[in-house]
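To keep things clear, I will list the structure first and then write my remarks on it.
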Amino acid sequence: MSETPNPKVAVPEDVSVDKATIKMLRYAQEKGIETIFDRAVKMKQCNIGTEGICCRICAQGPCRVPLTKGIKDGTEPDTRVGLCGATPETIVARNLIRQIAAGCASHSDHGRAVTETFLAMARKEAHDYTIKDEIKLLEVAEYFGVPVSEEKDGVDIPRDKFDIAVDIGEVALGQWGQQQGELIYLKRAPKPTQDRWEKHGVKPRGIDREVVEIMHRTHMGVDQDYRNLLHQGARCSLGNGWGGSMMATDLQDIMFGTPYPRTGHINLGVLSHDKINIIVHGHDPLVSEMIVAAVNLPEMQEYAKSKGANGYVVSGMCCTANEILVRHGMPIAGDYLQQELAVITGAVEAMVVDVQCIMESLGKVSECFHTKFITTMPIAKCASGLNTIHVNFEEHVAMEKAKEIIRIAADNFPNRGETNIPSDSNRMVVGFSTEAIKYHLGGTFRGSFVPLNDNIINGRIRGICGVVGCNNARTEHDEVHLALIKELIKNDVIVLTTGCSAMACGKAGLLTPESAAVFAGAGLAEVCEAVGIPPVLHMGSCLDNSRILTAATEVVKAGGLGKELADLPAAGAAPGWMSEKAIGIGQYFVTSGVYVMIGVPLAIGGSPTVKAYLEHDMEELYGGKWAYEPDPVKAAHKILAHIDEKRKALGIDKARERVLMDMSDRRALEVA
Ligand code: MSK
């Protein structure tokens, strides 16, 4: 705690548990540079907005229909309506599904860009990209019904991989504009889960169509039934989770490689004193993959030397960081809340951004240093900042564009002034794709989820929880993730993580196999030790949450834990979410049958009816539901209670009574 708190700036030790963040925040304040942490202290949230009860969809408003204490406790009737008569239910539901539409559009539009580049690569119009994972290409071909062989002269011969890729790309791209029918990837879900979707009419037709329909239905004077509105929110979210996001993950894996376990490092200490620091930030790996490839070219290395630098460090920020980490082991400089702090080290020659989670303040903060703030996407430019440059990234000249960006960074190296790089960085093991988990558990020749299921059934592992999502400046940086996750693994719940949550774990040392002995309960630690995995598995970026869906489906398929996702002793959590993408993700998990715990409330408090629908009624329909608990330890215990309920329903609750293990138990552990 600082001795004389200044109400206009954040107290570093109060807003983060990460040492590098605390040091850099203090340094920023000494230099008089304002960050998001300070703005969160200065600017209070709007009560009306956080309740979701401000309607501004027509020019007769904005209409505000606050929930009074009297309405809440039932002492006065709820007569609230907007000018047009819109009820709080309609207003709240409309606002929420517009957020879902925005979140789904973001991930899915990223998926579209990946698919377009994939198709250009397959047609040999984007020569700098290629097919790196041919096994996955064949798997995906099967999902899409694309033949992988053809008959010639009565003999079945394999088709050319690029021809297969063209067919995959064309079918995949068609999923965005499809008007009727249902998305192909829905069939990857367990059949009973699909049956629920069929029964409730929420199978998405085309990805774009569901987003557009939300915008239409929430226009003034259209859909006025909150249940019908939320129904469309569910449908749209599935179009993202089992559509745009899942296809993007698959096609990225084919082009850039499917992640397998590797080591990496994280935190601001990965920045170099004597090398050119390039940070790639955002979500879309199309640019960063090329930069990673280009910096190793001899001509680029020579260029660095000519500027007096000892080479380059390409590190990542936000989920672009996760993408290059899980595929190349490139270091992560920091998470969403650390982006300004990275620039404030004074050691960053170029902050190269693509799409999503890029704070507009970066332009201004960069002006305080020599850092070039380089935007690369035509849909994501930044107007502010003298150091802001736009380099339009084009897939057919991708390598040339990457070199252009690297040269800008190198040219800027001699301009570097005073630096302050904190020494903090941590080692971690990352890259647990669904394929990697399968092979890690079952062995190279018999990849299988059966050993995981066996250990869940015998009680060594109590359940599974996907802990994902952002860091939110209104919650304590990293701490909400860490407190929740530590409580879960202590209670033998294996954690799957992505996004900024994964980064919090990396910084705190939870992503190493050795951490199991320190933080995990006896059963989980035993399994981790036998298999050589951390108790928290890093699965990738926030887009890659679709990997959690496919992993959960593999668990169902492996048998013994029910027939659909809703039967599993599993849950999801986003303790520090902040983006609309997170709402879209949460909604596709709930609609897929998962209990989703959040630590920051949805903007639904203004309608107890809508809140009840999301937190109770949805379970009847889809098997999953939303839950909110701001205290991370209490949230962990609610998740444990949910997992125990599912174990009981499966008849495996008694297995937990056997906790102490003797040698014969250890021998029986079917993981090797
Ligand atoms: S980057 S969406 S702050 S996870 Fe994917 Fe982190 Fe959330 Fe952005």
Side-chain angles (χ1 to χ4, degrees), residues 16 18 21 36-37 40 99-100 102-111 114 237 240-241 244-245 248-249 252 266-267 279-285 288 315-326 332-342 351-362 377 380 430 466-475 477-478 480-482 484-485 495-507 536 538-548 572-589 596 598-600 602:
S16 180
D18 173 55
T21 301
I36 186 170
F37 294 98
Q99 289 184 298
I100 291 173
C104 293
S106 305
H107 269 154
S108 289
D109 205 38
H110 165 173
V114 168
S237 73
N240 178 33
S245 283
T249 293
Q252 287 177 178
I266 183 165
N267 219 339
I279 294 184
V280 288
H281 172 19
H283 284 77
D284 184 336
S288 51
S315 59
M317 200 119 232
C318 282
C319 284
T320 294
N322 283 320
E323 299 280 3
I324 60 167
L325 168 76
V326 295
I332 292 187
D335 62 39
Y336 163 74
L337 283 182
Q338 293 178 292
Q339 55 189 283
E340 294 166 313
L341 303 178
M351 173 71 84
V352 185
V353 302
D354 50 79
V355 289
Q356 301 163 18
C357 300
I358 296 140
M359 287 189 211
E360 191 161 346
S361 62
L362 277 186
M377 293 286 171
V430 302
V467 185
V468 306
C470 327
N471 255 318
N472 182 319
R474 303 287 178 187
T475 62
H477 177 229
D478 285 355
V480 286
H481 295 281
L482 299 176
L484 174 82
I485 290 170
V495 169
L496 311 177
T497 185
T498 63
C500 290
S501 185
M503 296 185 197
C505 295
K507 283 181 272 173
V536 183
H538 185 312
M539 293 190 83
S541 67
C542 52
L543 178 97
D544 290 334
N545 282 316
S546 61
R547 293 192 202 275
I548 300 181
W577 75 275
M578 65 86 200
S579 78
E580 288 168 318
K581 285 181 292 175
I583 307 178
I585 294 164
Q587 184 77 352
Y588 73 61
F589 272 104
V596 173
I598 49 175
V600 175
L602 293 171

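Just so it is clear, the values below take in all heavy atoms, side chains as well, and ignore hydrogens, waters and symmetry mates. Order of appearance sets the numbers: ligands from 1, and atoms from 1 within every ligand. Sequence positions, counted from 1, serve as the residue numbers for this chain.
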Can N322 and D544 be counted as having a side-chain donor-acceptor contact under 3.5 angstrom? no
Could you check whether N240 and Q587, counting side-chain N and O atoms only, form a donor-acceptor pair closer than 3.5 Å? no
According to salt bridge (charged side-chain N to carboxylate O under 4.0 Å, His left out), does anything in residues 332-341 pair up with another residue at least two apart or in another chain? List the pairs. R39-E340, D335-K507
State the atoms of ligand 1, each with its element, that fall below the 4.0 Å cut-off from a heavy-atom position in H283. 1 (S), 5 (Fe), 8 (Fe)
Donor-acceptor contact present, side-chain D354 to main-chain D284, <3.5 Å: yes
Protein N/O/S atoms closer than 2.8 Å to atom 7 (Fe) of ligand 1: C470 SG
Would you say Q339 and H281 are linked by a side-chain donor-acceptor pair, where the criterion is simply a distance under 3.5 Å? yes
Backbone N or O of C542 within a donor-acceptor pair of the N545 side chain at under 3.5 Å? yes
